[in-house]
Engineer: 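I'd like to ask some things about the structure below.
These numbers come from the heavy atoms of this one structure, side chains and all, not from hydrogens, waters or symmetry mates. Note that ligands are numbered from 1 as they come in the structure, with each ligand's atoms numbered from 1 the same way.
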Amino acid sequence: MIRVSVLGALGKMGATTCNAISGDPELELVAALDVDDALDDMLEEGAEVCVDFTRPDAVKGHVLWLLAHGVHAVVGTTGLGPADLREIEAATGPANAIVAPNFAIGAVLLMELCRLVAPHMPHAEIIEQHHDQKLDAPSGTALRTAALISEARGRDAPQPCGPAGHPARGYVEQDVAVHSVRLPGLVAHQEVVFGGLGQTLTIRHDSTDRSSFMPGVLLAVKGVADRPGLTVGLDHLLF
Ligand code: NAP
């Protein structure tokens, strides 16, 4: 049995994660903590792995604390930038970290497909749609997708078309325009539209329920002890 704690246990993702861990015969939920609880509580319960689904402004502090206390970290909270990830990587040692902007297998496959398409159709735009409570924009998944597209299409990547800097053309990440939609009723959705001569190709993924993230979270919880250092992206555990 792997002894697991959850940070952000009262939140939408944290609560779903607590249920998924409790229902898995290989895992034991030893601490379900939220904003008013002390992190030390999980040490008293002997947590070996901690899953973080909290807030962009809290997550880095949590991960550095976990690593300093020898607890492996599985991080779903978005908002960690490249400098944060370097700091986290440097703090790994006896304890490891997996950071995944999206734990849904369909979203991971969407990113893999983008990597395949981008060298052939380098013009691309991302439309991501999330529920109205989401704190960050663009989503971590959109930023990661833009980075993968940018890397895959190489140095001669086209600039986004149209008037540069116009708000209606979206947020530009690594020369990929990203459009963020926030509405009640949505969960997590992303469409990537590639444009070529006389044709477009659209790849779309929809998480219609938070259960979509749970197989990926459980895979990361079970795998984190065997992956030294920092792993960014669930793709490393799947392919
Ligand atoms: P949420 O419903 O707002 O839940 C966050 C929970 O964390 C809340 O209960 C919040 O308490 C608590 N919290 C805030 N600060 C804390 C702290 N310092 N220590 C402990 N708990 C704290 O948000 P959510 O929809 O579950 O999303 C959480 C994060 O996961 C977001 O960054 C979201 O983008 C990300 N996410 C990732 C994936 C993925 O696959 N990687 C999928 C979905 C969502 P209060 O409400 O009192 O602040």
Engineer: Distance under 4.0 Å to a non-hydrogen atom of A58: what atoms of ligand 1 satisfy this?
Structural biologist: 18 (N)

Engineer: Give yes or no for whether the N/O distance cutoff of 3.5 Å, strictly under, is met between V35 and ligand 1.
Structural biologist: yes

Engineer: Looking at CE of M214 and CZ of F103, how far apart are the two atoms once the value is rounded to the nearest 0.5 Å?
Structural biologist: 8.5 Å

Engineer: Q190 and L110: side-chain contact (heavy atoms from CB on, under 4.5 Å), yes or no, with the steps?
Structural biologist: CA-CA 9 Å; Q190 181 168 285; L110 175 145; 3.4 Å; yes

Engineer: May I ask you to identify the nearest protein heavy atom to atom 28 (C) of ligand 1, giving residue, atom name and distance to one decimal place in Å?
Structural biologist: T54 O, 3.3 Å

Engineer: Going by heavy atoms, is H62 under 4.0 Å from ligand 1?
Structural biologist: yes

Engineer: Any protein heavy atom at under 4.0 Å, with atom 34 (O) of ligand 1 as the reference point?
Structural biologist: yes

Engineer: Please confirm whether G11 comes within less than 3.5 Å of ligand 1 when only nitrogen or oxygen atoms on both sides are compared.
Structural biologist: yes

Engineer: Give the residue, atom name and distance (to 0.1 Å) of the protein heavy atom nearest atom 30 (O) of ligand 1.
Structural biologist: F53 CD2, 3.3 Å

Engineer: Does an N or O from M13, backbone or side chain, lie closer than 3.5 Å to an N or O of ligand 1?
Structural biologist: yes

Engineer: Looking only at heavy atoms, what is the nearest atom pair of I21 and E28, with distance?
Structural biologist: CG2-C, 4.2 Å

Engineer: Enumerate the atoms of ligand 1 whose separation from the nearest heavy atom of R55 is less than 4.0 angstrom.
Structural biologist: 14 (C), 15 (N)

Engineer: Just which atoms of ligand 1 are under 4.0 Å from any heavy atom in G76?
Structural biologist: 30 (O), 35 (C), 36 (N), 37 (C), 38 (C), 39 (C), 41 (N)

Engineer: Within the side chain of H166, is there an N or O that forms a donor-acceptor pair under 3.5 Å with the backbone of G162?
Structural biologist: no

Engineer: State whether D84 and K60 are salt-bridged, where the test is any N-O pair (Lys NZ or Arg NE/NH1/NH2 against Asp/Glu carboxylate O) under 4.0 Å.
Structural biologist: yes

Engineer: Does either side chain, that of D206 or that of T208, offer a donor lying less than 3.5 Å from an acceptor on the other one?
Structural biologist: no

Engineer: Is P101 in contact with ligand 1, taking contact as a heavy-atom separation below 4.0 Å?
Structural biologist: yes

Engineer: List every atom of ligand 1 that sits less than 4.0 Å from any heavy atom of K134, numbering the atoms from 1 in the order shown and giving each element.
Structural biologist: 34 (O)

Engineer: Would you mind checking if K222 and D24 are paired as a salt bridge, meaning a charged N to carboxylate O distance below 4.0 Å?
Structural biologist: yes

Engineer: What is the closest protein heavy atom to atom 10 (C) of ligand 1, and at what distance does it sit?
Structural biologist: D34 OD2, 3.7 Å

Engineer: Using distance alone, decide if ligand 1 has a nitrogen or oxygen within less than 3.5 Å of any nitrogen or oxygen in T78.
Structural biologist: yes

Engineer: Does ligand 1 have a heavy atom under 4.0 Å from the side chain of F213, from its backbone, from both, or from neither?
Structural biologist: side chain

Engineer: Between A100 and ligand 1, which residue portion shows a heavy-atom distance shorter than 4.0 Å: side chain, backbone, both, or neither?
Structural biologist: backbone

Engineer: Hey, does A104 come in under 3.5 Å of ligand 1, counting only N/O atoms on both sides?
Structural biologist: no

Engineer: What residue and heavy atom of the protein are closest to atom 25 (O) of ligand 1, and at what distance?
Structural biologist: K12 CE, 3.3 Å

Engineer: Under 4.5 Å between any side-chain heavy atoms of R169 and E125, yes or no?
Structural biologist: yes

Engineer: In the structure I gave you, are the side-chain heavy atoms of L237 and I98 within less than 4.5 Å of one another anywhere?
Structural biologist: yes

Engineer: Would you say ligand 1 has an N or O under 3.5 Å from any N or O of G14?
Structural biologist: no

Engineer: Using a strict 4.0 Å threshold on nitrogen-to-oxygen distance, state whether K134 and D136 make a salt bridge.
Structural biologist: yes

Engineer: Hey, are E112 and R115 close enough for a salt bridge, meaning a charged N less than 4.0 Å from a carboxylate O?
Structural biologist: yes

Engineer: Any luck finding a side-chain donor-acceptor pair between E128 and H130 under 3.5 Å?
Structural biologist: yes

Engineer: Below 4.0 angstrom from a heavy atom of F103, which ligand 1 atoms are there? Numbered from 1 as shown, please.
Structural biologist: 39 (C), 40 (O), 41 (N)

